Number of protein chains: 2
Amino acid sequence: MRITQEADYALRAIYYLSTLDAGARASANVIAKEQNIPLRFLLKLLQKLRDAGLVESFMGVNGGYALSKQPKDISFLDVIEAIDGPIYINRCLYDPEECNNLGVEYCSIHKALHQVQEKLKKDLSSINFQHILDENGSKEV
Amino acid sequence: MRITQEADYALRAIYYLSTLDAGARASANVIAKEQNIPLRFLLKLLQKLRDAGLVESFMGVNGGYALSKQPKDISFLDVIEAIDGPIYINRCLYDPEECNNLGVEYCSIHKALHQVQEKLKKDLSSINFQHILDENGSKEV
DNA sequence: TGAATGTACACCAAGTTAGTATAATATTGC
DNA sequence: GCAATATTATACTAACTTGGTGTACATTCA
């Protein structure tokens with residue numbers, strides 16, 4: 001019942017980009033150092049964030065990465081699902097064929113888990129990076 | 001972000017025991033057949049449920065397993081944590097020493113995740129097996 | 001005693017996770 | 001054009017987790 005370390009890194013990479021001026025770029029090297037993320041691992045996960053449309057990348061000298069949306073329009077759910085894939089809290093909800101009980105439709109347990117899952121996704125989608133910026137800004141030491 | 005298959009089996013084992021008369025026993029063999037769970041795997045997870053105080057076991061002929069509480073007093077969270085261990089949705093929340101950011105206390109991302117985690121646990125603890133019985137009873141075909 | 005049951009411990013194959021290695025490609029500035 | 005700075009692409013790997021099996025033993029009841 002965990003998000004992967006990779007998704008945790010991704011949240012922090014997006015957070016770091018959120019702290020920059022709108023449209024500003026940061027190289028993977030800088031993000032890696034600032035957020036203490038292994039560089040090569042970061043490079044790989046940034047591809048996923050790009051494929052998901054959350055960041056844009058720029059090659060060459062002065063290249064790097066920038067958010068492709070405003071911080072307020074990027075949720076935790078967006079980032080986590082970009083990295084880990086869609087959230088399914090159990091196997092049956094992911095692939096009903098694998099349900100070795102009666103099937104999701106007829107199984108009260110799986111129905112109940114489904115409701116929990118949807119609440120979880122709603123909670124994660126209600127947090128965006130503007131919230132995080134605001135919280136940090138007001139508590140700056 | 002999933003519960004294990006083992007936890008899913010455990011929910012169904014507890015559910016099956018809930019359908020019996022209060023205090024009634026069922027052998028692992030019967031539970032395995034009724035719920036389509038591999039027997040040896042079931043035996044192992046029943047130990048965890050016993051260690052967690054959710055079921056009682058009885059050895060010998062006419063032995064088996066019985067709930068040690070009423071269905072209404074066993075929540076999904078109880079069962080899932082008995083099998084998978086405490087729920088922590090990311091590594092930092094499990095072991096703050098492993099947080100390679102500033103630490104949970106000073107990291108807004110991890111604080112936000114913590115809140116999501118607590119909501120998730122609350123949701124899971126709000127579902128008990130009497131609910132599931134009631135739902136199934138009213139929809140019996 | 002013997003059949004039916006649970007207990008304990010060890011083992012294992014497959015998949016996932018977190019990370020590394022290497023080589024290639026694109027952009028900029030001189 | 002060339003060097004330097006970046007990203008991209010592909011492949012590899014060690015460690016861990018998951019889902020499951022095997023074997024031997026202990027307990028209870030008839």
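Source: prediction; values computed, not measured. All chains are named by letter (A, B, ...) in the order of the sequence lines, taking the proteins before the strands, and each is independently numbered beginning at 1.
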Could you give the NZ-to-P distance, from B:K33 to C:dA4, as a whole number of Å? 11 Å

Does the C:dT17 base have a donor-acceptor partner in the side chain of A:R2 within less than 3.5 Å? no

Could you give the CG-to-C1' distance, from B:L42 to C:dT7, as a whole number of Å? 14 Å

Whole angstroms only, please: what is the CG-P distance between B:N90 and C:dT17? 15 Å

By salt bridge (charged side-chain N to carboxylate O under 4.0 Å, His left out) - contacts of B:K119 (at least two apart): A:D123

Looking at residues at least two apart in the chain, or sitting in another chain, which of them share a side chain to side chain donor-acceptor pair (under 3.5 Å) with B:Q47? B:R50

Taking the side chain as every heavy atom from C-beta outward, state whether B:L93 and B:Q117 have any pair of such atoms under 4.5 Å apart. yes

Would you please classify the geometry between the A:Y9 ring and the A:F41 ring as parallel, tilted or perpendicular, with 30° and 60° separating the classes? perpendicular

Both A:F58 and A:L39 contact DNA chain C. Taking the nearest nucleotide for each, which residue is further toward the 5' end? A:L39

From CD of A:Q47 across to C1' of D:dA6 the rounded distance in Å is 12 Å

From CD1 (B:I3) to CD1 (B:I80), nearest 0.5 Å: 4.5 Å

Euclidean distance, atom CD1 of residue A:I83 to atom C1' of C:dT17 [Å, nearest integer]: 13 Å

Give A:L43 one of three labels, base, sugar-phosphate or nothing, depending on what nucleic acid heavy atoms sit under 4.0 Å from its own. base

B:A28 side chain, from C-beta outward: closest of C:dA21, C:dA8, C:dG6: C:dG6

Write out a two-atom table: protein N or O, nucleotide N or O from nucleotides 16-20 of chain D, distance below 3.5 Å.
residue : atom : partner : partner atom : Å
D:dG19  : OP1  : B:Q5    : N            : 3.0
D:dG19  : OP2  : B:Q5    : N            : 3.3
D:dG20  : OP2  : B:Y9    : OH           : 3.1
D:dG20  : N7   : B:K44   : NZ           : 3.2
D:dG20  : O6   : B:K44   : NZ           : 3.0

If I take atom CZ in residue A:R40 and atom P in nucleotide D:dC12, what distance separates them, rounded to the nearest angstrom? 16 Å

Figure out the CD1/C1' separation between A:I37 and C:dT17, and round it to whole Å. 16 Å

Going by side-chain hydrogen bond (donor to acceptor under 3.5 Å, both in side chains), name the pairs with one or both residues in residues 64-89 of chain A, residues two or more places apart or in two chains. A:T4-A:D84, A:S75-A:D78

Within this structure, what is the CG-CG distance for the pair B:L113 and A:L124, rounded to the nearest 0.5 Å? 7.5 Å

Over how many whole Å does the gap from A:L49 atom CG to D:dT7 atom P extend? 13 Å

Would you mind reporting whether B:Y15 and B:N136 have side-chain heavy atoms less than 4.5 Å apart? yes

Is it the case that D:dT7 (base atoms only) and A:R50 (side chain only) share a donor and an acceptor within less than 3.5 Å, ignoring hydrogens and angles? no

Protein-nucleotides 28-30 of chain D N/O pairs under 3.5 Å:
residue : atom : partner : partner atom : Å
D:dT28  : O2   : B:V61   : N            : 3.2

Going by atom type alone, with no hydrogens or angles, which donor-acceptor pairs under 3.5 Å involve a side-chain atom of residues 16-26 of chain B and a protein atom two or more places apart or on another chain?
residue : atom : partner : partner atom : Å
B:S18   : OG   : B:I14   : O            : 2.9
B:T19   : OG1  : B:Y16   : O            : 2.5
B:R25   : NH1  : B:N62   : O            : 3.1

